[in-house]
> 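Sharing a structure here in structure tokens format.
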Amino acid sequence: MALNAQKLDVMVPGVEPSGYTIRIGRGMLGGLWDDIRSQWPKLNPFIVTDAELVKAGHLETLVGSETIPTYIIEPAGEISKHIQTVVQIVEMMETNVLGRDSIVIALGGGTVGDIAGFAAAIFKRGVPVVQIPTTTVAQADSSVGGKTGVDSSVSKNAFGAFWQPAAVYIDVETLGTLDDRQYRAGLVESVKHAAIMDAEYFDFFETNIDAILNKDMRVLEQIAMTNCRIKAEVVQQDPTEKNMRRILNYGHTIGHAVESASEFTLLHGESVAIGMIAAGKLEKALGLAADGRLERIEGLLVKLGMSTVIPAEIKKEQLIALLGKDKKAIGQWPRFILLESLGNTLCKNEQWAHEVSRDIVEQCLDDLY
Ligand code: GLY
């Protein structure tokens, strides 16, 4: 039976296969398995999920009574996002006598997608991965675009690969079981998409904020489609982040430093919210923010329940030191993504990431305590 889903095709130049389809719908998780089987009838599936997804009943909804070899990440979350988990997945695939004719199915949030995608990228030199994201952050961002990887003991995503999915299936109803804190924090990536690329989407988000917070599934389906359209537009132009894809890191430079300094007690989205306010302050200091947009962005983030100040226990000096180690730093100082206006990211001399002096960054950080 055909899936009741909207479709969006993503074309990715320079990689094989050269594109994939994102399907977005409500309550389609139970019908996906037949679709996956019929699309890849000759491939043997291997599922990667986590203990919370199993508890929420999503694994059972997906496969029904079929027995599929499955690796369950436990504990769920960033704490398991390391190379040992990948080693265990690869070895479990081998002990299940899976070969290059296998397909990895990632059912879960950003951590599951990153780990499973990376395992798929390296298993027998690469097998396809299907992403079935179940969190706001994964549905808006991490399941699309092919970034996969795990953390080392030194830094985030130190082991990684660009490995585009074979398909993405987004059932917004899976968000129904997500806890409130994660649900809200993941929506920050949607606000980011609106801020960098689409002022109309920003208006839509503001107007529909109550429906979004109440998990109105029709509205969530609309925002899932808009997020994927925006993300696809960027990824298609710059799949391996040579330049334009950096705009997806809006708010992430200071955000990552805050996340890391908090020792991951702050969620990614909570840290990026602070990073977006910081970026807005940089824009003000650089004379790029005459239209009151920082106040609008801040207002929306506050409605999502985000804090807009840096926790007092995180010291400015710590953040400055972390910024020097940013993976995109040049001469131990990062480049920043800045808005030109709401819905437009600044591009100067064909570059999307910009130098901002240490003094200005320090002043903006001071302002965030
Ligand atoms: N999450 C940012 C990117 O996919 O490039």
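Ligands are counted one by one from 1 in listed order, and the atoms in each one are counted from 1 as well. If you're wondering where the values come from, they're calculated on a predicted model, not measured in any experiment.
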> Do Leu338 and Leu342 sit in one hydrophobic cluster, given that two such residues count as connected whenever their side-chain heavy atoms are within less than 4.5 Å of each other, even indirectly?
yes
> Touching ligand 1 at all, Lys231? Heavy atoms, strictly under 4.0 Å?
yes
> Please report which non-hydrogen protein atom sits nearest to atom 5 (O) of ligand 1, along with the residue it belongs to and the distance in Å to one decimal place.
Arg245 NE, 2.8 Å
> Indicate, as side chain, backbone, both or neither, the part of Glu241 found under 4.0 angstrom from ligand 1 when only non-hydrogen atoms are considered.
side chain
> Donor-acceptor check, side chain of Asp198 to backbone of Glu200, threshold 3.5 angstrom: yes or no?
yes
> Under the side-chain hydrogen bond (donor to acceptor under 3.5 Å, both in side chains) test against His268, which residue among Lys156, Glu78, His252 passes?
His252
> Show the atoms of ligand 1 that are less than 4.0 angstrom away from any heavy atom in Asp141.
1 (N), 2 (C), 4 (O)
> At less than 4.0 angstrom from any non-hydrogen atom of Leu248, what atoms of ligand 1 do you find?
2 (C), 3 (C), 5 (O)
> Quick check with a 6.0 Å cut-off and a 45 degree axis cone: is Lys215 positioned over the face of Tyr183's six-membered ring?
yes
> Could you tell me which non-hydrogen atom of Gly186 sits nearest to which non-hydrogen atom of Thr136, and how far apart they are?
CA-OG1, 3.2 Å
